[in-house]
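Treat the numbers as computed from the prediction; the structure is a model and nothing was measured. So you know, we letter chains A, B, ... as the sequences are listed, proteins then strands, and number each from 1.
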Amino acid sequence: MQYWIFKTEPSEFSIEDLKSKGKSGEEWNGIRNFQARNFLRDKVKSGDQVLIYHSSCKEIGVVGLAEVIKEAFIDKLAFDSNSKYYDEKSDPEKPRWYSVQIRWVKTFDKTISLQQIKNDNNLKETFLVKRSRLSVGEINQKQFERFLKFNSL
DNA sequence: GCCAACGTTGGC
DNA sequence: GCCAACGTTGGC
């Protein structure tokens with residue numbers, strides 16, 4: 001079991017949008033950063049736990065939990081010239097970008113704010129603080145449990 | 001809306 | 001393969 005944080009702008013796609021997709025979940029697509037892509041393509045596995053983080057919004061922070069229900073598959077938006085995620089350099093014979101499927105598990109009662117994360121000795125070591133441009137990143141079990149504990153406080 | 005940080009591109 | 005220029009992210 002591995003633990004991840006996926007970032008999203010709630011004005012584009014929020015945890016409530018994910019919740020509305022129900023058990024079949026939603027494709028996590030549009031990731032256009034190579035390191036994040038490598039995680040999605042090579043490391044993220046079915047059953048992995050995913051914390052959802054809202055960025056570029058009023059209440060920045062970790063807002064809930066999801067889980068992976070389908071491992072890496074090709075992100076077809078890269079081939080759609082009408083999509084904002086179109087990438088002319090992605091060759092259908094040799095796809096560049098990948099998605100995974102996740103489904104909503106729970107929405108936290110209260111957002112765990114970036115400020116709280118920065119103030120926590122354990123959580124301040126996460127990529128949310130250290131590598132703020134990365135949109136998909138791994139956290140360890142201890143950090144994951146710390147997030148859940150924050151929620152239950 | 002500003003701007004610092006930083007990932008990506010492309011010329012050499 | 002270096003690195004300057006460029007574009008984007010994301011907190012404030």
Does one hydrophobic cluster hold both A:I69 and A:F39, with members joined at side-chain heavy-atom distances below 4.5 Å?
no
Does any pair with a residue in residues 55-75 of chain A pass side-chain hydrogen bond (donor to acceptor under 3.5 Å, both in side chains), and if so which ones, sequence neighbours excluded?
A:R32-A:D75, A:E67-A:R103
Could you work out, with ring pair (Phe, Tyr, Trp, His ring centres under 6.0 Å) as the rule, every residue matching A:F79, not counting sequence neighbours?
none
So if I take the C1' atoms of five pairs at each end of the helix from B:dG1-C:dC12 to B:dC12-C:dG1 and get each local axis, what angle do the two axes make, rounded to 10 degrees?
10°
Tell me which pairs pass side-chain hydrogen bond (donor to acceptor under 3.5 Å, both in side chains) where either residue lies in residues 129-139 of chain A, with sequence neighbours left out.
A:Q35-A:R131, A:E125-A:K130
Taking protein heavy atoms under 4.0 Å as touching, what does nucleotides 5-12 of chain B look like 5' to 3' if B marks base contact, S marks sugar-phosphate-only contact and - marks none?
BBSSSS--
Would you say A:Q143 and A:T126 are linked by a side-chain donor-acceptor pair, where the criterion is simply a distance under 3.5 Å?
no
Using the six-membered ring wherever Trp is involved, compare the ring planes of A:F6 and A:W28 and label them parallel, tilted or perpendicular (cut-offs 30° and 60°).
tilted
How would you list, by chain and number, every residue that makes a ring pair (Phe, Tyr, Trp, His ring centres under 6.0 Å) with A:Y3, sequence neighbours excluded?
A:F144
